[in-house]
Amino acid sequence: MTASSLSWDQAFLQPPVCDAWKDITEGAAYQLASCIVVLGYMGGSGIFGSFYIFGLLAPGYFCYALWGWLSACGLDIFVWNILLVLTCLLQLAHLAYRLRRDTIPEEFDLLYKTMYLPLQVPLEVYKEIVKCCEEQVQSLVRDQNYAVEGKTPIDRLSLLLSGRVRVSQDGQFLHYVFPYQFLDSPEWESLRPSEEGTFQVT
């Protein structure tokens, strides 16, 4: 009975024994591939851990493919490892897309770290809050009014990210609004949801 005609049962119950070990080792490509793959599987969890894992597995499998093509002369070894390289590259592209999609503008990232992270607000919840304001950031130049008393409708709620804003009424200075303070919370809170009104201060 030849080795090719062994049934699966015979292969598992009476596995063939190696007659002799080869005197030579596999080439440098095989050894390098094994080292890279071992390092690749030492990656951590999360998106950056996945970047590490697939970033090392792709060149590791590529080295296996080179070994299969140049040393082992096995078309199946080459094809399978090229498929694994392509799978790793697709996974890396997907991770890069997710990372790009999940990033938020720098101003909102700083706001999260300053105000929401100390309160242990999950990042996903914060992203939903940011979506409500459509990631709008309004820049004001010096002496430009954010709101004018008696004219500007109360239809928004804004937070100052940088600089300071002077608050006055009838031309008289009242106080300053500093970073990470609301610009219009008193006016916002003074109205019922169905009411309309205008700013009491400039």
Side-chain angles (χ1 to χ4, degrees), residues 1-137 139 161-162:
M1 181 181 286
T2 63
S4 60
S5 64
L6 283 173
S7 67
W8 283 103
D9 293 339
Q10 290 172 328
F12 281 112
L13 296 175
Q14 301 170 351
V17 179
C18 293
D19 294 332
W21 294 97
K22 289 196 301 184
D23 292 335
I24 57 169
T25 58
E26 296 299 337
Y30 180 83
Q31 307 301 334
L32 178 63
S34 298
C35 292
I36 294 174
V37 168
V38 166
L39 289 174
Y41 282 118
M42 291 182 182
S45 59
I47 193 162
F48 293 106
S50 297
F51 263 113
Y52 174 87
I53 291 170
F54 290 106
L56 282 175
L57 288 183
Y61 289 134
F62 183 72
C63 288
Y64 275 134
L66 286 178
W67 168 74
W69 184 262
L70 300 174
S71 297
C73 299
L75 183 62
D76 58 338
I77 297 172
F78 175 77
V79 170
W80 275 111
N81 283 289
I82 287 296
L83 287 174
L84 289 171
V85 169
L86 293 175
T87 303
C88 289
L89 292 177
L90 285 173
Q91 186 64 30
L92 283 170
H94 173 69
L95 289 169
Y97 168 75
R98 271 186 51 202
L99 192 63
R100 184 178 175 275
R101 188 193 65 184
D102 290 346
T103 56
I104 54 179
E106 184 180 348
E107 297 94 348
F108 288 98
D109 185 49
L110 186 59
L111 176 63
Y112 174 74
K113 289 174 181 169
T114 304
M115 291 187 68
Y116 291 87
L117 189 59
L119 298 173
Q120 299 179 349
V121 175
L123 186 58
E124 294 303 318
V125 173
Y126 176 70
K127 286 178 184 175
E128 292 298 320
I129 296 169
V130 170
K131 282 182 187 175
C132 292
C133 70
E134 299 172 357
E135 297 181 3
Q136 291 180 352
V137 177
S139 297
L161 296 176
S162 64

S.K.: Using side chain to side chain contact (heavy atoms under 4.5 Å, CB included) as the criterion, list what pairs up with Leu70, not counting sequence neighbours.
M.R.: none

S.K.: Could you tell me which residues satisfy side chain to side chain donor-acceptor pair (under 3.5 Å) with Thr87, sequence neighbours excluded, listed by chain and number?
M.R.: none

S.K.: Please list every donor-acceptor pair under 3.5 Å in which a side-chain atom of residues 37-44 meets a protein atom from a residue at least two apart or in another chain.
M.R.:
| unit_1 | atom_1 | unit_2 | atom_2 | d |
| --- | --- | --- | --- | --- |
| Tyr41 | OH | Tyr61 | OH | 3.3 |

S.K.: Listed by chain and number, what are the side chain to side chain contact (heavy atoms under 4.5 Å, CB included) partners of Leu89, not counting sequence neighbours?
M.R.: Ala58, Val85, Leu92

S.K.: Residues in side chain to side chain contact (heavy atoms under 4.5 Å, CB included) with Leu119, at least two apart?
M.R.: Val121

S.K.: Between Cys88 and Leu57, which heavy-atom pair has the shortest distance, and what is it?
M.R.: SG-CB, 3.7 Å

S.K.: Pick from Ile82, Asp76, Leu83: which one makes a side chain to side chain contact (heavy atoms under 4.5 Å, CB included) with Val79?
M.R.: Leu83

S.K.: Nearest 0.5 Å please: distance from the CG atom of Leu66 over to the CH2 atom of Trp69.
M.R.: 10.5 Å

S.K.: Enter the distance from Arg98:CZ to Ser50:OG here, rounded to the nearest 0.5 Å.
M.R.: 7.5 Å

S.K.: List for me each residue that meets side chain to side chain contact (heavy atoms under 4.5 Å, CB included) alongside Ala72, sequence neighbours excluded, and say none if there are none.
M.R.: Trp67, Ile77

S.K.: Side chain to side chain donor-acceptor pair (under 3.5 Å) with Tyr52: which residues, sequence neighbours excluded?
M.R.: none

S.K.: For a quick test of reading the model, state the closest non-hydrogen atom pair linking Cys63 to Ala29 and the distance between them.
M.R.: CB-O, 3.7 Å

S.K.: Would you compute the distance between atom CG of Leu86 and atom CZ of Phe62 and round it to the nearest 0.5 angstrom?
M.R.: 10.5 Å

S.K.: Nearest 0.5 angstrom please: Cys35 SG to Leu56 CG, how far?
M.R.: 11.5 Å

S.K.: Does anything in residues 27-40 form a side-chain hydrogen bond (donor to acceptor under 3.5 Å, both in side chains)? List the pairs, not counting sequence neighbours.
M.R.: Ser34-Tyr64

S.K.: In chain order, what residues pass the ring-ring contact (aromatic ring centres under 6.0 Å, His included) check against Phe54, with sequence neighbours excluded?
M.R.: none

